[in-house]
Protein chains: 2
Amino acid sequence: MSQSRSTAEDVARRAGVAQSTVSRVFSNSSRISEATRQKVLQAARELAYRPNNFARSLVTKQSLLVGIVMERISTAFSPYVLEKLTLKLQESGYNVLLFNVSQALSADDLLPSALDYQVDALITTSSVVSPEMADVYAKFKTPLILFNRRINNQTVNTVSADDYHGGKMAAEAMIKAGVKRAAFISGPENTSTTQDRGQGFFEGWELQDFARPRQIVGDYSYQSGFDVACQLWDDDSTLDGIFAVSDLMAVGAIDALRHKLGLRVPEDVQVIGFDDIPGAARLAYQLTTIRIDVDLMVNKTVELLQRCLTDKTKEVEQIVTPVTYVERKSLVVKI
Amino acid sequence: MSQSRSTAEDVARRAGVAQSTVSRVFSNSSRISEATRQKVLQAARELAYRPNNFARSLVTKQSLLVGIVMERISTAFSPYVLEKLTLKLQESGYNVLLFNVSQALSADDLLPSALDYQVDALITTSSVVSPEMADVYAKFKTPLILFNRRINNQTVNTVSADDYHGGKMAAEAMIKAGVKRAAFISGPENTSTTQDRGQGFFEGWELQDFARPRQIVGDYSYQSGFDVACQLWDDDSTLDGIFAVSDLMAVGAIDALRHKLGLRVPEDVQVIGFDDIPGAARLAYQLTTIRIDVDLMVNKTVELLQRCLTDKTKEVEQIVTPVTYVERKSLVVKI
DNA sequence: AACGATTGTGCATGCGCATGCACGCCTCTA
DNA sequence: TAGAGGCGTGCATGCGCATGCACAATCGTT
């Protein structure tokens with residue numbers, strides 16, 4: 001901040017009006033004669049005046065700030081979510097305060113400090129948010145929305161994809177594609193996407209009385225997909241199918257299969273992912289996957305957010321968006 | 001914001017002290033006896049008190065907020081930059097206000113509104129920042145740092161890679177690799193990275209008295225790399241080398257060559273990129289590239305920022321970080 | 001035993017703005 | 001021509017906090 005910033009008071013003096021008049025011009029709330037409006041705007045221009053949002057928020061109790069708490073900002077399709085959310089929010093007149101979950105700073109550390117900045121609402125994609133945090137936000141009457149995440153034993157606003165059915169669809173597709181010995185590459189067990197997609201997946205197999213596929217844990221990154229695939233085939237080279245809980249891991253696995261293990265995809269091993277990230281469609285991969293509709297999720301999120309802000313007493317919503325099976329070349333269903 | 005948030009006043013009342021004492025405890029500035037400190041903290045805990053950063057900033061003239069203005073947040077290695085910057089900034093006690101440049105909102109629109117939020121400094125990776133904006137920031141005494149960008153005819157703080165030499169190195173590598181008929185896939189002409197990398201690249205060729213390679217304009221995206229490569233070979237199928245100004249476009253071009261045009265990389269066409277994004281090293285691509293040191297750039301940026309904040313009268317700095325040639329399989333130098 | 005130095009706390013004020021209230025002026029109607 | 005009813009503006013106040021100053025209590029010193 002600068003010590004030499006001009007204030008509404010300065011503008012008022014120069015325009016020969018009261019500070020309150022300047023304020024009225026800039027919050028264009030009430031009736032101001034065109035003449036004084038111009039006078040004020042002129043003076044403001046000359047002084048390069050800009051209203052101080054902090055002072056304004058202090059009075060109005062509205063920061064027009066939305067907090068976003070994310071982990072692994074650069075991974076998978078987090079960047080797309082962030083970009084679209086930010087865009088949407090800006091269009092709606094909000095600005096974004098971004099928090100990066102790291103080893104040092106957990107979501108539970110970050111959420112309170114968002115509160116210090118008076119965010120009007122908070123969206124998080126972090127996998128680990130304690131139920132207590134939800135309580136804190138409830139206490140502060142600040143809407144909290146979990147994006148692409150659930151949280152156990154707690155009613156919180158939630159926008160997610162239909163992970164359970166997506167998992168099920170993946171299992172069905174694999175079965176129809178003729179996969180006999182499948183492996184499931186998951187994320188950490190405490191993430192809701194892994195839980196839900198995995199549950200749907202396993203139930204899909206069991207429905208057909210097939211043996212439960214082996215599960216191996218990755219961390220959603222390309223490299224972990226690669227490594228875990230190597231490990232899998234090291235243990236059992238008769239596997240013929242992979243369901244990866246994220247496209248990025250699927251792609252890592254494909255590279256391992258093709259360029260490290262000397263296997264062909266889909267001839268030797270069929271692979272299906274989840275998310276449909278840009279990159280899944282690349283001709284180098286042509287990944288069959290379960291698509292989640294990020295645009296829709298973002299739109300629903302911002303709409304929900306606005307509803308929360310308009311009606312503070314609104315009850316919690318849990319929005320689930322549909323997923324679709326997208327068939328490309330890495331796994332194809334034989335009819 | 002909530003209407004029912006407890007204030008320092010509330011805490012003071014409950015602890016039986018003055019508001020100023022509460023303030024002193026939370027800004028742990030001056031001497032407070034251990035007894036009252038505990039009394040205050042206890043009361044604060046009971047009331048779930050958190051200091052209001054806006055009110056605080058209004059007095060201290062320090063928001064501890066840093067603005068980041070970005071375009072194409074999800075593209076290329078922007079996400080990595082954002083992630084690392086945010087992390088570093090958080091470690092240094094700052095929080096990040098994120099602005100997304102879009103068609104609707106240009107950097108020149110966004111920069112002033114960052115000022116409204118009293119950011120202590122601003123970092124932008126946006127390619128288009130008008131010199132006037134730099135003046136505005138100077139007037140408001142708010143440090144402005146361009147990341148990976150230059151700006152013409154203006155002295156602004158700048159942290160960038162040695163794009164010019166990188167371009168030159170790319171040319172040299174291509175020549176040594178035996179490329180005779182090269183093409184240059186650039187970004188939009190008004191971006192400084194395209195200008196500098198391109199200039200270095202062309203000068204590298206001219207040094208060897210080789211013909212000036214053809215230039216074609218992309219937009220830094222995977223798809224544009226793909227499309228532009230198709231177009232290139234459509235015009236002239238005798239080309240045998242590509243320098244793409246970004247890895248993402250290089251990768252798009254490789255996919256087009258291999259999977260659309262039926263060419264082999266590197267046997268038929270050699271490809272070199274720029275950036276060394278994660279993904280360049282994938283076995284599916286093994287992209288030879290010019291690496292920029294993002295970590296170093298981020299560190300330099302945050303250090304520069306702190307210097308600016310400490311010494312408001314400090315003069316502008318232009319920091320250039322070295323680049324390195326990373327050889328993988330898509331282009332290899334014959335000795 | 002008396003006095004200056006030190007430490008801990010309260011009081012008052014102001015940061016820059018929004019907003020309820022009062023008031024003066026003008027227009028319209030009867 | 002007088003009164004009613006807008007409309008436009010100024011005044012005063014408070015949002016939640018930090019901080020300079022004053023002052024009481026405690027300590028150490030001679």
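Residue numbers begin at 1 in each chain, while the letters A, B, ... track the order of the sequences. Values reported hereafter were calculated over all heavy atoms of this structure, with side chains retained and with hydrogens, waters and symmetry mates removed.
Residue contacts shown for A:Ser20 include a base, since a base heavy atom lies under 4.0 Å away. The residue A:Val22 sits apart from the nucleic acid: no heavy atom pair falls under 4.0 Å.
In this structure, B:Arg5 places its CZ atom 10 Å from P of D:dG16, rounding to the nearest Å. Rounded to an integer number of Å, the gap from A:Lys39 NZ to D:dG8 C1' is 11 Å. Put simply, CG on B:Asp10 is 11 Å from P on D:dC15, counting in whole angstrom units. Put simply, CG on A:Leu58 is 9 Å from C1' on C:dC15, counting in whole angstrom units.
Looking at the side chain of B:Gln19, the nearest of the listed nucleotides C:dT19, D:dC17, C:dG10 is D:dC17. Each of D:dC15, C:dT19, D:dA18 was ranked by its minimum atom distance to the side chain of B:Thr60; first place goes to D:dA18. Ranking D:dG14, D:dC11, D:dC17 by closeness to the B:Val59 side chain, first place goes to D:dC17. Nearest to the side-chain atoms of A:Ala18 among the listed nucleotides D:dT19, D:dG10, C:dG16 stands D:dG10. Among the nucleotides C:dC21, C:dA18, D:dT19, the one closest to any side-chain atom of A:Ser27 is C:dA18.
Phosphate contact (OP1/OP2 of D:dT9, side-chain N/O of A:Ser33, threshold under 4.0 Å): present. Contact annotation: B:Lys61 does not reach the phosphate of D:dA18 (side-chain N/O to OP1 or OP2, under 4.0 Å). Distances shorter than 4.0 Å separate some side-chain N or O of B:Thr21 from OP1 or OP2 on C:dG10. Contact annotation: A:Thr7 side-chain N/O to C:dG16 OP1/OP2 distance is not under 4.0 Å. Residue A:Thr36 has a polar side-chain atom (N or O) positioned under 4.0 Å from OP1 or OP2 of D:dT9.
Side chains of B:Arg14 and B:Gln42: a donor-acceptor N/O pair is absent below 3.5 angstrom, by distance only.
Taking only distance into account, the side chain of A:Arg56 never meets the base of D:dG16 through a donor-acceptor pair shorter than 3.5 Å. Side chain B:Arg50 to base D:dG16: no donor-acceptor pair is found below 3.5 Å. The base of D:dA18 has none of its N or O atoms less than 3.5 Å from a complementary donor or acceptor on the side chain of B:Gln62. Evaluation of atom-type donor-acceptor distances gives no pair under 3.5 Å for the side chain of A:Arg37 against the base of D:dG8.
Atom CG of residue A:Leu82 and atom CG of residue A:Leu85 lie 7.0 Å apart, to the nearest 0.5 angstrom. Between the CG atom of A:Asp295 and the NZ atom of A:Lys84 there is a distance of 4.0 Å, given to the nearest 0.5 Å. Separating the OG1 atom in B:Thr301 from the CG atom in B:Asn157 is a distance of 10.0 Å, to the nearest 0.5 Å.
Of all heavy-atom pairs spanning B:Pro51 and B:Phe26, the tightest one is CG-CD2, 3.8 Å.
When each of A:Ala35 and B:Glu9 is assigned the nucleotide of DNA chain D bearing its nearest heavy atom, the one mapping closer to the 5' terminus is A:Ala35.
The pair A:Glu83-B:Arg72 does not count as a salt bridge, with every side-chain nitrogen at least 4.0 angstrom from each carboxylate oxygen.
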